[in-house]
Amino acid sequence: MKSLNTKWKEFLFAFSAFGPNFLMVLMGSYYSDALNPSSLEMGEQFQAIMPGVCYILPALFPILFAISKIFDGIIDIPFAHITDTLSTKWGRRRPAIAVCFLPMLVSYALCWIPVGGPEAKLFNTIWVTVFSMIFFAAYTMCLIAFYGSFSAVCEDEPQRLRVSGYKSFFDTITYCLAYALVPVILSGAQIQIDTLIWITMPLMFTMVIPLFLIKEGEKYGYPENQGLSEEKLTLKQSLQLTFQNRIFRRWLYVNCCTFFGLQMFLASMNGLIIGGMGLNGLQMAILNTCAFGPVPVMLYMFNKAKVRYGIRAVYQSCLLLFAVAILTFFVGSRYVLGVGHVTAKMVIGILGGVCGSWAIGAFFMMPYLMPAQISGVEEKLTGKNHSAMYFAGNAVTTSIVGAISGNLVYEYVKNIFLAKGHGLVWAEAEGTLSAAEVAYRHFFGQAGTAEEVAAAVFNFGNLMVPFIVTASCVLGFFLAYKLPRDFKSSILARELKQMDPSLDISAFENLEEKQERSEIIFVQVGLTILSGFLFGFVWAGLLLRGIKRYCKRWPAVVGFLVSCLVPFAQIIFLLKARKTLLQVAQQKGIALRIPLWVLIASSLVLPVLFVNVAALAVLQQGLNRIYEAEDR
């Protein structure tokens with residue numbers, strides 16, 4: 001009996017991992033900088049537990065934390081085998097989730113409490129390493145069991161494609177929240193990152209949803225299929241079947257290159273934008289809006305393009321465009337453009353974000369779709385269900401490369417600083433001195449003002465990350481030529497038949513393309529509507545709220561919603577916003593130019609306000625000019 005027999009159950013099932021994944025993203029993106037904020041120098045430091053304070057040993061922490069991440073990957077293998085072969089009256093997947101949920105919740109909370117304080121750095125380093133390993137183990141078991149249930153709860157390939165698409169959508173929202181909204185919340189509410197963690201901890205409870213949706217165990221036929229147990233595989237057999245699959249093995253090579261670059265970028269994003277480019281939390285939110293907001297539309301275009309050109313060629317284009325997008329962080333850095341020049345940096349960052357959005361959705365979707373598709377075909381042909389092992393194979397390889405890139409390489413290079421013409425130096429915060437100030441004194445032999453430090457000292461890690469990520473993506477691009485043009489069920493079935501000529505694959509020969517074409521439009525249009533450019537909407541709200549400070553008769557919430565949701569209604573509000581900003585600029589003696597034609601033309605092309613990034617960017621630039629004048 002299939003579990004997901006209605007569309008709303010598919011959607012809810014895909015939502016199950018949202019909470020744990022969101023908190024895991026926060027950990028991967030903010031955790032090391034929260035404990036050691038050396039890469040956040042010269043910028044807002046609400047991402048740190050305490051600004052300028054290092055709680056861990058910078059030389060030891062990268063090694064131990066990388067070991068804990070590798071441990072996280074290695075345990076995927078035995079955990080996957082356990083959940084693939086577990087036989088209880090409650091089923092095989094649900095007990096694993098139920099048992100590991102509470103340890104996952106508690107250990108995550110303890111990771112964010114450096115109980116030794118700023119002085120006991122060695123104790124804190126060991127503390128966070130131990131509890132991070134407990135968290136990674138519990139998190140892995142919950143997620144492996146959840147992913148392993150994909151092939152069982154989904155009836156066929158179109159349903160797996162829909163669920164994977166929904167999962168990709170929620171992953172996109174996860175990253176939007178983490179990178180676009182969290183910086184605004186931290187700076188707007190004036191709270192530190194650990195406080196936000198406690199506020200969002202209840203989201204972890206979304207992981208209990210599969211306990212109610214997965215139909216397995218005594219009630220639905222014990223242990224499986226009305227009392228008939230599937231063939232059980234040994235750990236060795238499961239590993240052999242998984243890693244002897246040539247398509248899966250080649251996919252792992254490409255995915256490791258993708259994940260190496262992606263993990264390093266995600267771990268360093270705060271440093272790249274705040275430390276490297278010298279932007280603030282709101283500006284960071286705008287850049288990430290441009291990167292994550294268009295993802296559902298890009299995902300729709302990705303799936304349309306792969307039907308015509310094949311998934312390999314389209315995925316290769318994702319790798320190249322992502323490499324271009326990451327290089328914009330170097331072009332827009334303080335090292336190249338200097339302090340200030342906010343408008344130029346924002347334009348460069350926005351263009352890079354839009355380029356990167358083409359790849360982001362695909363990077364989220366493919367690691368779920370590929371193992372689910374392979375295991376689903378294999379189960380129908382052989383009757384052997386070890387789907388969790390494919391996800392474990394994905395996870396163990398990406399955990400290792402992720403630990404090397406984001407938790408070892410980046411953690412070391414972010415403590416290296418340079419000054420033009422003066423070389424490199426390893427710098428650690430000393431008492432009340434930040435790492436950048438320590439570096440400045442090393443290079444110039446004296447203390448400097450904040451402006452002098454910002455202009456003369458640069459974080460080496462923030463400068464090197466774009467080039468490392470680009471090299472990784474380019475390598476993945478060339479390795480992708482080893483992949484088949486498509487990953488259709490018929491291709492996977494033929495690959496399995498080459499390994500076992502006795503398999504009958506006639507059922508897959510003529511079924512594939514018709515099903516995919518009939519289902520994909522529904523899925524991606526649904527994702528686009530559900531997303532609604534969520535954080536473009538947030539950007540519009542923040543922008544109009546800022547303008548409201550200077551206009552007492554500004555439209556209320558209803559007016560804002562009408563301007564965002566009713567086609568072409570935005571023009572009234574854009575013209576009013578332009579008039580307000582020009583009046584304020586004139587009163588303050590600021591030379592401000594907001595081209596009327598840009599607002600009108602963009603409104604005709606992009607009739608809904610929260611997708612009209614051109615108008616939002618022009619107005620934001622004007623508002624920023626006024627803010628800068630007030631600060632002076």
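- Y315 and T258 are linked by a side-chain donor-acceptor pair at a separation below 3.5 angstrom, with hydrogens and angles left out of the test.
- Taking each heavy atom of F329 and P466 in turn, the nearest pair found is CB-CG, 4.2 Å.
- In plain terms, the two heavy atoms of D33 and G271 that are nearest each other are OD2-N, 4.4 Å.
- Side-chain contact between Y31 and V128 is present, with heavy atoms from C-beta onward closer than 4.5 Å.
- Atom CG of L479 is separated from atom CG of L475 by 4.5 Å, given to the nearest 0.5 angstrom.
- The backbone N or O of A120 lies less than 3.5 Å from a partner atom in the side chain of N124, making a donor-acceptor pair.
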Is there a side-chain contact (heavy atoms from CB on, under 4.5 Å) between I468 and F260? Walk through the geometry before answering. CA-CA 9 Å; I468 297 174; F260 185 94; 3.7 Å; yes
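- Summarising the geometry, atom CE belonging to M264 is positioned 9.0 Å from atom CE belonging to M464; distances are rounded to the nearest 0.5 Å.
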Evaluate side-chain contact (heavy atoms from CB on, under 4.5 Å) for L252 paired with F243, printing each intermediate quantity in order. CA-CA 10 Å; L252 287 181; F243 290 99; 3.7 Å; yes
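- Nearest heavy-atom pair across P210 and F13 is CB-CE1, 4.5 Å.
- Y108 places a side-chain N or O within 3.5 Å of a backbone atom of L23 that can act as its donor or acceptor partner.
- Ring pair F322/F265 is perpendicular by interplanar angle, where above 60° counts as perpendicular and below 30° as parallel.
- Scanning both residues, F131 and S107, for their nearest heavy atoms gives O-CB, 3.7 Å.
- Interatomic distance, CG of L57 versus OG1 of T125, reported as 4.0 Å (0.5 Å rounding).
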side-chain contact (heavy atoms from CB on, under 4.5 Å) for Y253 and T397? Distances and angles first, verdict last. CA-CA 9 Å; Y253 300 150; T397 52; over 6 Å; no
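- A centroid separation of less than 6.0 Å is found between the aromatic rings of F205 and F101.
- Counting only distance, with no hydrogens or angles, the side chain of R93 and the backbone of F146 share no donor-acceptor pair below 3.5 Å.
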After noting the C-alpha distance and the side-chain angles of F61 and S32, does the key distance pass the side-chain contact (heavy atoms from CB on, under 4.5 Å) rule? CA-CA 9 Å; F61 176 75; S32 79; 4.2 Å; yes
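- At least one side-chain heavy atom of N21 sits under 4.5 Å from a side-chain heavy atom of L143.
- With contacts defined as side-chain heavy-atom distances shorter than 4.5 Å, the pair P20/T206 qualifies.
- Remark: side-chain polar atoms of N462 are not paired, donor with acceptor, to backbone N or O of K414 under 3.5 angstrom.
- Between T140 and F71, every side-chain heavy-atom pair lies at or beyond the 4.5 Å cut-off.
- Side-chain contact between V182 and Y30 is present, with heavy atoms from C-beta onward closer than 4.5 Å.
- Between atom CG of residue D194 and atom CE of residue M50 there is a gap of 9.0 Å, rounded to the nearest 0.5 Å.
- W112 places no side-chain N or O within 3.5 Å of a backbone atom of M27 that could act as its donor or acceptor partner.
- A donor-acceptor contact shorter than 3.5 Å is absent between the side chain of S399 and the backbone of V396.
- Summarising the geometry of N415 relative to P58, their closest heavy-atom pair is ND2-CB, 3.9 Å, with the distance given to 0.1 Å.
- No donor-acceptor pair closer than 3.5 Å links the side chain of S16 to the backbone N or O of M207.
- Between the CG atom in L26 and the CG atom in L196 there is a gap of 6.5 Å [rounded to 0.5 Å].
- Among residues two or more places apart in sequence or in another chain, the side-chain contact (heavy atoms from CB on, under 4.5 Å) test is passed with P103 by A138.
- Across every non-hydrogen atom of A427 and A435, the tightest pair is CB-O, 3.5 Å.
- Under the 4.5 Å side-chain criterion, counting only non-hydrogen atoms from C-beta, I49 is in contact with L35.
- The side-chain heavy atoms of K9 and F212, taken from C-beta on, include no pair separated by under 4.5 Å.
- F467 CZ to I326 CD1: the interatomic distance, rounded to the nearest 0.5 Å, is 12.0 Å.
- Listed by chain and number, the residues in a side-chain contact (heavy atoms from CB on, under 4.5 Å) with P62 are L408, E411, Y412 (sequence neighbours excluded).
- Ring geometry for F18 versus F22: interplanar angle under 30°, hence parallel rather than tilted (30 to 60°).
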